[in-house]
Amino acid sequence: MSDAIKVGFVPLAAAPRGILVVFCDDSLKVGPATAKALGAANELVKRAAAAAAFKGKSGAALDILAPEGLKATRLIVIGAGKAEALKASDFLKFGGVAASKLHPGGGAMTIMAELPDDAMTSEQAVAIAAGLRLRAYKFDRYKTKKKDGEEGGALHAEVSLGVSDAAAAKRAFASAGHVVDGVILARDLVNEPPNVLFPEEFARRASQLRKLGVKIEVLDVKAMQKLGMGALLGVGQGSARPSRTVIMRWDGGRKGTAPVAFVGKGVCFDTGGISIKPAGSMEDMKGDMGGAACVVGLLHALAARKAKVNAVGAIGLVENMPDGNAQRPGDIVTSMSGQTIEIINTDAEGRLVLADVLWYVAKRVKPKFMVDLATLTGAIMVALGTEHAGMFSNNDELAERLLTAGLESGEKVWRMPLGPEYDKLIDSQFADMKNTGGRHGGSITAAQFLQRFVDGTPWAHLDIAGTAMGAPKTDINQSWGSGYGVRLLDRLVADHYESK
Ligand code: BES
Ligand code: MN
Ligand code: ZN
């Protein structure tokens, strides 16, 4: 982890250090402690706001250098917009905006976590702290020419958040900080180059969750052959790097209660195989393991914050390569479920990997539900762009809960349809099914394929091809790999599946 931003909590009335950050609403009103800290500079803020046409709209920032009458090197006023309408994700955004104002090398910053009418709650202050760390993340371990204090160099920042109850905020951040660590772990995995992060290395990194008390089981090729995972193994057979499946278990809940399960597509590199992809942007296919990265990041978050839940993560790790031993269009493979699959296009490999891992989890784990995450189809980007992940589900309650967790966390999902009319598009003339469904509704036929392997288990599939990587930069993410899904699913678990 390369972020070096230290966050601490102090009383609201503590003397600020370095850059001072305060909040106002859309009438430029600030809270009482803030007004007191500003003193004569309250007038300065009014003048600067008028000069910069700053109206306090949510996330806008007024930046005043060397403010007269204050010890601060810089005064930054962040707009909170309409104070009544604030959601958790707004506070993350405020933290992100504040982090964007740190000098390239870092330094000290004090943020007064106060709204015009009230001090912020611990949760709100903690969301700001999380937003700071998410924004400050940078993947730079392969840059050898960086210098401290320069653009692109290492960041050494110390940020103090002024809050009404510093002890309570500190406690809450201990937990939220682990979720941020999980997001950062997922981002690191997505950003790593594919010569470094191949299936065995990915399995090794996932195994490091042992340190947090997660039980790890790694299935090698022989073990998967014994289980009959012919769909997953067919994808990996053209690669010099052997495939792996990793099962992670966090037993933080009541003994004997069925776990919740998360399944990730972990294609460490997707060339398309014999149905090879065009060269343009093929390098992006190092991120085709974004689903698996999310599952590892989520298990990290749950274990580190000792979530009171039984949770299983399962990831199928392969590399999809063209080779003398690669699978061909026309091949028929037998999945662990016994169902046979005609390969039409070797580039529709993610569903083949998930077919065996979903079946394994449904049968062996018997979870309460399974959510899978996969950078599955280009078509989901055509449909939804990069704002929402596509959600497919056979269970309305689970779908509702994911929708709500998406709005709370800001990692949004949009429900897409399933149905028998779509399902029949993947019937094959030679086998039980084929692995593509034709030109139309590509994300839907991919989801129909997966549904044939869930065995009636309550299930949701999240197609994260548009959200896991390469999405536009935001206030809380400047990284190519976004870590999408960790906060969404942590929220889902916290809201509905943790015992008290
Ligand atoms: N990994 C890709 C999907 C993808 C594309 C993810 C772009 C992120 C960015 C997946 O394995 C794939 O190749 N899907 C094909 C399916 C088709 C062959 C039916 C696609 O979407 O074109
Ligand atoms: Mn593919
Ligand atoms: Zn793929």
Side-chain angles (χ1 to χ4, degrees), residues 189-191 194 197-199 202 231-232 234-239 243 263-294 315-323 326-331 341-357 372-386 388-390 392 416 422 425-426 428 433-450 461-472 480-482 484-485:
L189 290 168
V190 174
N191 286 328
L197 194 69
F198 44 91
F202 198 125
L232 182 153
V235 176
Q237 76 187 31
S239 170
S243 303
V263 173
K265 168 179 173 181
V267 176
C268 294
F269 195 75
D270 181 14
T271 64
I274 296 300
S275 316
I276 197 162
K277 287 182 181 293
S281 301
M282 203 204 271
E283 69 278 10
D284 286 353
M285 286 301 108
K286 73 173 183 177
D288 208 16
M289 27 54 70
C294 171
I315 54 179
L317 303 168
V318 302
E319 188 181 58
N320 188 22
M321 298 291 271
D323 175 81
Q327 85 179 343
R328 292 151 290 259
D331 281 5
I341 304 160
E342 181 191 6
I343 308 299
I344 302 297
N345 187 321
T346 64
D347 198 11
E349 84 298 339
R351 63 198 75 182
L352 298 167
V353 172
L354 289 172
D356 281 336
V357 183
D372 80 72
L373 300 104
T375 49
L376 204 62
T377 66
I380 203 67
M381 293 189 255
V382 177
L384 298 177
T386 56
H388 292 83
F392 301 81
M416 303 278 288
Y422 295 111
L425 298 175
I426 53 169
S428 153
M433 69 194 86
K434 52 187 181 179
N435 78 329
T436 62
R439 241 170 56 77
H440 295 153
S443 304
I444 307 173
T445 47
Q448 291 295 161
F449 185 97
L450 300 181
H461 156 57
L462 303 180
D463 194 333
I464 59 171
T467 53
M469 62 202 180
W480 184 76
S482 64
Y484 176 93

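Remember, it's 1-based here, ligands and their atoms both numbered in the order they're listed. Since we're looking at a predicted model, the values are computed, not measured.
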Under 4.5 Å between any side-chain heavy atoms of Ser239 and Val318, yes or no?
no
For Asp372, is there an ion pair with Lys265 - N to carboxylate O distance below 4.0 angstrom?
no
What are the protein N/O/S atoms, named by residue and atom, that sit under 2.8 Å from the Zn ion (ligand 3)?
Lys265 NZ, Asp270 OD2, Asp288 OD2, Glu349 OE2
Indicate yes or no for a side-chain donor-acceptor contact from Asp270 to the backbone of Asn320 under 3.5 Å, with no hydrogens or angles considered.
no
If we ignore hydrogens and angles and just use 3.5 Å, is the side chain of Arg351 paired with the main-chain N or O of Asn435 as donor and acceptor?
yes
Got a donor-acceptor contact below 3.5 angstrom from the Asp331 side chain to the Ile343 backbone?
no
Gly390 backbone acceptor or donor facing Asp463 side chain under 3.5 Å
no
Contact between Glu319 and Glu349 at the side-chain level, heavy atoms closer than 4.5 Å - yes or no?
no
Quick one: side-chain hydrogen bond (donor to acceptor under 3.5 Å, both in side chains) partners of Ser443, sequence neighbours excluded?
Thr377
Ile380 side chain reached by Met416 side chain, heavy atoms, under 4.5 Å
yes
Could you tell me whether the side chain of Leu197 reaches within less than 4.5 Å of the side chain of Lys286, counting heavy atoms only?
no
Protein N, O or S within less than 2.8 Å of the Mn ion (ligand 2), waters excluded:
Asp270 OD2, Asp347 O, Asp347 OD1, Glu349 OE1
Is it the case that the side chain of Thr271 and the backbone of Ile276 share a donor-acceptor pair, with hydrogens and angles ignored and the cut-off at 3.5 Å?
no
Does Ile315 reach the side chain of Phe202, with side-chain heavy atoms less than 4.5 Å apart?
yes
Counting only N and O atoms by type, is there a donor-acceptor contact under 3.5 Å from the side chain of Thr436 to the main-chain atoms of Ile344?
no
Could you check ligand 1 for N or O atoms lying under 3.5 Å from protein N or O atoms and list the pairs with distances?
{"from": "ligand 1", "atom 1": "1 (N)", "to": "Lys265", "atom 2": "NZ", "distance (Å)": "3.4"}
{"from": "ligand 1", "atom 1": "1 (N)", "to": "Asp270", "atom 2": "OD2", "distance (Å)": "3.3"}
{"from": "ligand 1", "atom 1": "1 (N)", "to": "Asp288", "atom 2": "OD1", "distance (Å)": "2.9"}
{"from": "ligand 1", "atom 1": "1 (N)", "to": "Asp288", "atom 2": "OD2", "distance (Å)": "2.9"}
{"from": "ligand 1", "atom 1": "1 (N)", "to": "Thr375", "atom 2": "O", "distance (Å)": "3.4"}
{"from": "ligand 1", "atom 1": "11 (O)", "to": "Lys265", "atom 2": "NZ", "distance (Å)": "3.2"}
{"from": "ligand 1", "atom 1": "11 (O)", "to": "Asp270", "atom 2": "OD2", "distance (Å)": "2.9"}
{"from": "ligand 1", "atom 1": "11 (O)", "to": "Asp347", "atom 2": "O", "distance (Å)": "3.1"}
{"from": "ligand 1", "atom 1": "11 (O)", "to": "Glu349", "atom 2": "OE1", "distance (Å)": "2.8"}
{"from": "ligand 1", "atom 1": "11 (O)", "to": "Glu349", "atom 2": "OE2", "distance (Å)": "2.9"}
{"from": "ligand 1", "atom 1": "13 (O)", "to": "Lys277", "atom 2": "NZ", "distance (Å)": "2.8"}
{"from": "ligand 1", "atom 1": "13 (O)", "to": "Asp347", "atom 2": "O", "distance (Å)": "3.0"}
{"from": "ligand 1", "atom 1": "13 (O)", "to": "Asp347", "atom 2": "OD1", "distance (Å)": "2.8"}
{"from": "ligand 1", "atom 1": "13 (O)", "to": "Asp347", "atom 2": "OD2", "distance (Å)": "3.2"}
{"from": "ligand 1", "atom 1": "14 (N)", "to": "Leu376", "atom 2": "O", "distance (Å)": "3.4"}
{"from": "ligand 1", "atom 1": "21 (O)", "to": "Gly378", "atom 2": "N", "distance (Å)": "2.7"}

